[in-house]
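Residues take their numbers from the sequence shown, with the count starting at 1. In each ligand, atom 1 is the first atom listed, and ligand 1 is the first ligand listed.
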Amino acid sequence: MIIVLKKDAAQDVIDHVVEKIKGTGLAVHISKGKERTIIGAIGDESLLSSIQLDALPGVENVMPILKPYKLVSREFRKEGTVIELGGIKIGDRDVMVIAGPCSVENKDSLIDTARKVQASGAKILRGGAFKPRTSPYDFQGLGFDGLKLLSEARKATGLPIISELMDPRDTETFCEYVDIVQIGARNMQNFRLLTEVGKIKKPVLLKRGLSATIKEFLMSAEYIAAQGNSQIILCERGIRTFETATRNTLDLSAVPVLKEETHLPVFVDPSHAVGRWALVAPLAKAAVAVGADGLMIEVHPDPENALCDGAQSLKPSKFAGLMEEVNKVAESIGRRI
Ligand code: PEP
Ligand code: MN
């Protein structure tokens, strides 16, 4: 149920409504907008019949949330969520670009790549330390040593860092190192993991599962939000279809659909979608044209010798060109990189 409070309702009025709802045993989630506070009462709504919600002081409107995803739905929050991280704003006017290698390999190449992507306008550095590889014989990442190298790169450049968390037991350590926790496509429905990152105070970038519908994607985001963490970034990264010309099929229509359905920022990762570096720039431009709030792009100084995903990685010089082209598209729709 959504309880919309009157414009500029005072704190004691809000507290009273919250206490009443909590008294019924339902969970309360508060969303403070510019003018109004909205309260989400989540759980068995029949319990609310014991209180007369619309008669409580400060309450303007009481409405059911019809979608199965509650807290992440646009019904619950009309304004887009803006996540502030250091000096940057995710989900605001500027298109945010996350760039870096698929996996962290060594300090020099990571810092060199970080400096180059930063010079081209990337605002967040990516790098996998724990890699979800299809084969157990492939490079699995440097583990915690990779996270340490990422934090050295942050120190050298000031760029916030993002890396993928695969094991719920590593959550606390991850939070010591990274600024954004990534949940990969293969773990989109790892509900224990989602519940753990729902309890942290850092943004979470949730990738769409390989064969997940948009509804399933949003239900996974709801797992995170239900634990109290509303700093969630959704990332479309291509889905499995019958098409084999590209690694996956980038579902660009997911972007405007998600923007309609949810208030969360929506990113696109064209690198993992197409699997071929030459296709990354055209799809990055298309993603921004259809309304993506950000991009995630793999960049490697020497893709031929990359330990992971070299075929889809852009050299820093090619990435610089992509950023210029993407910026033109962004400017044409009143945004910028
Ligand atoms: C990644 O970003 O490193 C990754 C493995 O992506 P995905 O989970 O989308 O496959
Ligand atoms: Mn990769």
> In ligand 1, which numbered atoms sit nearer than 4.0 Å to a non-hydrogen atom of Glu164?
Replying inline: 5 (C)
>> To check your reading of the model: name the closest protein heavy atom to atom 4 (C) of ligand 1, its residue, and the distance in Å.
In response: His272 NE2, 3.5 Å
> Identify the closest protein heavy atom to atom 6 (O) of ligand 1: which residue and atom is it, and at what distance?
Replying inline: Lys207 NZ, 2.9 Å
>> As an exercise, identify every atom of ligand 1 less than 4.0 angstrom from a heavy atom of Arg237.
In response: 7 (P), 9 (O), 10 (O)
> Can Glu75 and Lys67 be counted as an ion pair, charged N to O under 4.0 angstrom?
Replying inline: no
>> Walk me through whether Glu261 and Lys215 qualify under side chain to side chain contact (heavy atoms under 4.5 Å, CB included).
In response: CA-CA 9 Å; Glu261 293 293 310; Lys215 184 175 161 193; over 6 Å; no
>> Taking Asp138 first and then Lys131, would you say they form a salt bridge - that is, a charged N and a carboxylate O separated by under 4.0 Å?
In response: no
> Around atom CD of Glu243, are there more than 12 heavy atoms of other residues, nucleotides or ligands at under 6.0 Å?
Replying inline: yes
> Ion pair present between Arg208 and Asp251, side-chain N to carboxylate O less than 4.0 angstrom?
Replying inline: yes
>> Check this for me, if you would: do Glu60 and Arg36 make a salt bridge, where the nitrogen-to-carboxylate-oxygen distance has to be below 4.0 angstrom?
In response: yes
> Parallel, tilted or perpendicular: which fits the ring planes of Phe174 and Phe144, with parallel below 30° and perpendicular above 60°?
Replying inline: perpendicular
> Below 4.0 Å from any atom of ligand 1, is there a heavy atom belonging to Lys131?
Replying inline: yes
> Should Asp269 be counted as touching ligand 1, given the test is an N or O pair under 3.5 Å?
Replying inline: no
> In the protein, what heavy atom is nearest to atom 8 (O) of ligand 1, and what distance, to one decimal place, separates them?
Replying inline: Ala185 N, 2.8 Å
> At the Mn ion (ligand 2), what angle lies between atom OE2 of Glu298 and atom NE2 of His272, rounded to 10 degrees?
Replying inline: 90°
> To the nearest 10 degrees, how large is the angle at the Mn ion (ligand 2) between Cys102 SG and Asp309 OD2?
Replying inline: 100°
> Which atoms from ligand 1 have a heavy atom of Gly184 less than 4.0 Å away?
Replying inline: 8 (O)
